[in-house]
Every structure is written in C-alpha cells, then in structure tokens.
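One structure is given below, encoded as structure tokens.
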Amino acid sequence: MYQEERLIEIQNYLNKERRISVEKICELFGVSRDTARRDLVKLEEQRAVVRTRGGAILPSQPHEVKDYSNRLQTFSKEKLAIGHKAASLIGKGDNIILDASTTVQSCASQIEIECTVITNAINIADILSSQPYASIHLLGGQLEKQHRFLYGASVIERLLAYHVDHAFIGVVGISENGLTLAHEEDGMVKRKMVQQAKQVTVLADHTKIGVTDFYRYASLEDVDLLITDQLPSEEFQNVLAQHEVELLVTEEEN
C-alpha cells in the first residue's frame, strides 16, 4: 500500500475513533514504527492531525452554532426519529421540561399525550400552543434573538419552583467530559433543568457524540438515557456504561 492510501485510511480511522496510536498503525497496515511515525508527520504537515506521545488525535475544530432555522434543516430525518422515540417515553399526565434545542423541538412536535411542559424555547411554546395535549409554562427572561431561547436569573429562579418527571435536553457535544455547548447563558439554564428532573434524557444525533464544546453544564453522571441515531463506538459505549447511562439507538429499530 502506498503512503497516500495509508494516509486516507488513517484519516478514516481517526474520523471514527478520534485518536490512533503508532502501534495501531503498525497493526492495521503491517508497517514499521518508523513508517508509522512518518505517516503521522505527513498528516501533521497537512494539518489533518495533532501528533501526541505515541500517536495522534484529530485537531480541535470550532463547532459553529447555526441559527435556529438553519439547524432545522440539518439531519432532519435523524432528528425526527430521535424526537419520535423521545415523545414515546412521555406518559399521560407527566410533567416535563423541554430545552431549546432543535432535536428537542422535534420531540415537542410529536407529543400526542396529555402532559405539562415547561420550556424556555419560543419555538417549542409556539408548536405546542396549536396542540390540545400540552399545558405550557413558558419561562420568562431575556430573549436570545438568534437562537430564540429565554435565559437569565429570572429563568433559573423560576425553574427552582418546578420538580418534574422528565427533562429532555439537547447538546452540542456529549463526551467523557460531559454535556457541552457553545453558550454559557444557555448552559446555566440547562444545568438547572437537569437538576429539577427525576429522569434526564439527552437527545443527540451521531455528530454530537465524542464532541466537547466550550461550556460544560452537566456530567454523564447526571444523565439517565441517551437517544441517538447511530450506534456509537465501542469505546464510547463503555464510557456510557461506566456512568450508568442507558443507550437507545433509533437506527436499530428501522
């Protein structure tokens, strides 16, 4: 195998596992350690990897948070499947919290049972206002205009009054570092939502898994269930198991 072919295969491996060791390259391609190191040097020159002691990792990439309408167009089928499964977990008469993520919005659009919904999301309140099933408590606060959620001390203070059966939470990233996103003000609200719920379910498509963004608002110990659209790597499944997070994969049901 030529070096160019190995480099492509190494990048494919990194895209799935996010890290690779010199020993793993030797095992996969039957090359010497010196050859493996030269491959990693080449990839680093192309800014495709960051070399570490004994191997390489993917470089950190900023995660652009698109505006709300644009995010609704991303992975729509996956989000609909995740949202459908989340909605099926809501029992008649449940009190639930829905955060302002677009995947959670997909859940809101598929609720067909009587429940009480507490949310800080303008779009979710609007969707549910046209449905006969949900009683809506919209948390008042300062409006984040681009992403259409309410935040601030008044939202957090209001949340203290509620104790709910279930919170459905979205993420920009979920990893061994916990649940993360780009906006601290949104994260502070999500943190309180997690604390006020008996059960916490994270809704995250496969692109969010293994990702760590700017602000951590909860740890994996705070999560009861992760609903995603593709089976994560065995390594991440083990991380979830260590933290007693149940895993539900929608693609396995298709």
Side-chain angles (χ1 to χ4, degrees), residues 16 63-92 94-136 138 144 146-149 164-175 179-183 186 190 193-194 197 199-211 213 223-233 236-237 240 245-254:
K16 291 177 62 177
H63 301 285
E64 178 187 3
V65 180
K66 300 176 182 178
D67 65 48
Y68 212 94
S69 59
N70 284 336
R71 285 188 286 143
L72 286 173
Q73 307 305 316
T74 306
F75 295 104
S76 58
K77 290 182 180 178
E78 291 85 347
K79 288 184 179 182
L80 283 170
I82 293 168
H84 178 75
K85 178 52 62 178
S88 74
L89 301 178
I90 301 169
K92 186 175 181 180
D94 277 357
N95 300 312
I96 65 172
I97 286 174
L98 302 179
D99 79 357
S101 73
T102 52
T103 312
V104 173
Q105 179 178 322
S106 173
C107 169
S109 70
Q110 298 178 78
I111 292 175
E112 296 183 350
I113 195 168
E114 290 181 16
C115 61
T116 298
V117 176
I118 298 155
T119 187
N120 68 324
I122 299 294
N123 286 46
I124 286 177
D126 186 45
I127 287 170
L128 293 174
S129 68
S130 63
Q131 297 180 0
Y133 308 106
S135 172
I136 309 159
L138 181 60
E144 208 291 343
Q146 183 179 9
H147 303 291
R148 295 177 60 79
F149 64 81
V164 303
D165 302 296
H166 211 139
F168 295 91
I169 305 294
V171 296
V172 170
I174 177 170
S175 69
L179 312 183
T180 56
L181 43 57
H183 299 283
D186 191 17
K190 288 177 188 277
M193 288 177 166
V194 167
Q199 185 175 16
V200 175
T201 293
V202 171
L203 311 186
D205 67 64
H206 66 277
T207 65
K208 312 294 178 59
I209 293 176
V211 173
D213 209 279
V223 179
D224 297 292
L225 174 67
L226 167 64
I227 305 178
T228 188
D229 60 303
Q230 293 183 17
L231 188 68
S233 68
F236 191 68
Q237 290 180 60
L240 293 176
V245 179
E246 297 292 333
L247 176 64
L248 199 162
V249 182
T250 60
E251 72 169 6
E252 294 181 342
E253 301 179 349
N254 297 332

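The figures here come from the full heavy-atom set of this structure, side chains too, leaving out hydrogens, waters and symmetry mates. Please read all numbers here as calculations on a predicted model, not as lab measurements.
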Apply the test side-chain contact (heavy atoms from CB on, under 4.5 Å) to residues Asp229 and Glu251: give CA-CA distance (whole Å), side-chain angles for both, the deciding distance (0.1 Å), then the verdict. CA-CA 5 Å; Asp229 60 303; Glu251 72 169 6; 5.6 Å; no
I'd like to know whether Leu203 forms a side-chain contact (heavy atoms from CB on, under 4.5 Å) with Thr201, so could you lay out the CA-CA distance, the side-chain angles of the two residues, the decisive distance to 0.1 Å, and finally the verdict. CA-CA 7 Å; Leu203 311 186; Thr201 293; 3.7 Å; yes
Show your working on side-chain contact (heavy atoms from CB on, under 4.5 Å) between Leu179 and Val223 and close with a plain yes or no. CA-CA 9 Å; Leu179 312 183; Val223 179; 3.8 Å; yes
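Going from atom NE2 of His206 over to atom OG1 of Thr250 covers 10.5 Å, rounded to the nearest 0.5 Å. Of the inter-residue distances, the one linking Phe149 atom CZ with Thr119 atom OG1 reads 11.5 Å to the nearest 0.5 angstrom. Distance CD1/Ile124 to CD1/Ile118: 12.5 Å, rounded to 0.5 Å. Atom NE2 of His84 is separated from atom SG of Cys107 by 10.5 Å, given to the nearest 0.5 angstrom. Between Asp213 atom CG and Lys208 atom NZ the span is 10.5 Å, to the nearest 0.5 Å. Atom NZ of Lys79 and atom OG1 of Thr102 lie 2.5 Å apart (nearest 0.5 Å).
Here the side chains of Arg148 and Gln146 are not in contact, with every heavy-atom distance at 4.5 Å or above. For the pair Leu181/Val171, no side-chain contact is recorded, criterion being any heavy-atom separation below 4.5 Å from C-beta on. Taking the side chain as every heavy atom from C-beta outward, His183 and Val172 never approach each other to under 4.5 Å. When side chains are defined from C-beta on, Ile96 counts as touching Ile90, because their heavy atoms get closer than 4.5 Å. You'll find the side chain of Ile227 stays beyond 4.5 Å of the side chain of Val202, heavy atoms only. Side-chain contact between Asp224 and Glu246 is absent, with no heavy-atom pair separated by less than 4.5 Å. The shortest side-chain heavy-atom distance between Thr228 and Ile209 falls under the 4.5 Å cut-off. Counting only heavy atoms from C-beta outward, the side chains of Leu89 and Leu225 approach each other to under 4.5 Å.
Annotation for Leu98 and Ile111: closest pair CD1-CD1, 4.1 Å, computed over non-hydrogen atoms. Across all their heavy atoms, Ile136 and Ser129 have their closest contact at CD1-N, 3.5 Å. For the pair Ile174 and Phe236, the tightest heavy-atom approach, listed with the atom from each and the gap, is O-CZ, 3.8 Å. When every heavy atom of Gly170 is checked against every heavy atom of Asp99, the shortest pair comes out as N-OD2, 2.7 Å. Nearest heavy-atom pair, Leu128 versus Ala108, reported as atom, atom and distance to 0.1 Å: CD2-O, 3.5 Å. Across all non-hydrogen atoms, the minimal contact from Ala167 to Ala197 is CB-CB, 3.5 Å.
Under the side chain to side chain contact (heavy atoms under 4.5 Å, CB included) criterion, Ile127 pairs with Gln105, Ser109, Gln131, not counting sequence neighbours. Partners of Asp165 by salt bridge (Lys or Arg N to Asp or Glu O under 4.0 Å), not counting sequence neighbours, listed by chain and number: Lys198. Qualifying side chain to side chain contact (heavy atoms under 4.5 Å, CB included) partners for Thr116, counting only residues two or more places apart in sequence or in other chains: Asn95, Ser135, His137.
Annotation for Gln230: atom CD counts as buried by contact number, over 12 foreign heavy atoms lying within 6.0 Å.
For Lys16 and Ser233, the side-chain atoms include no donor-acceptor pair closer than 3.5 Å. A donor-acceptor pair shorter than 3.5 Å can be found between the side chains of Ser106 and Gln110.
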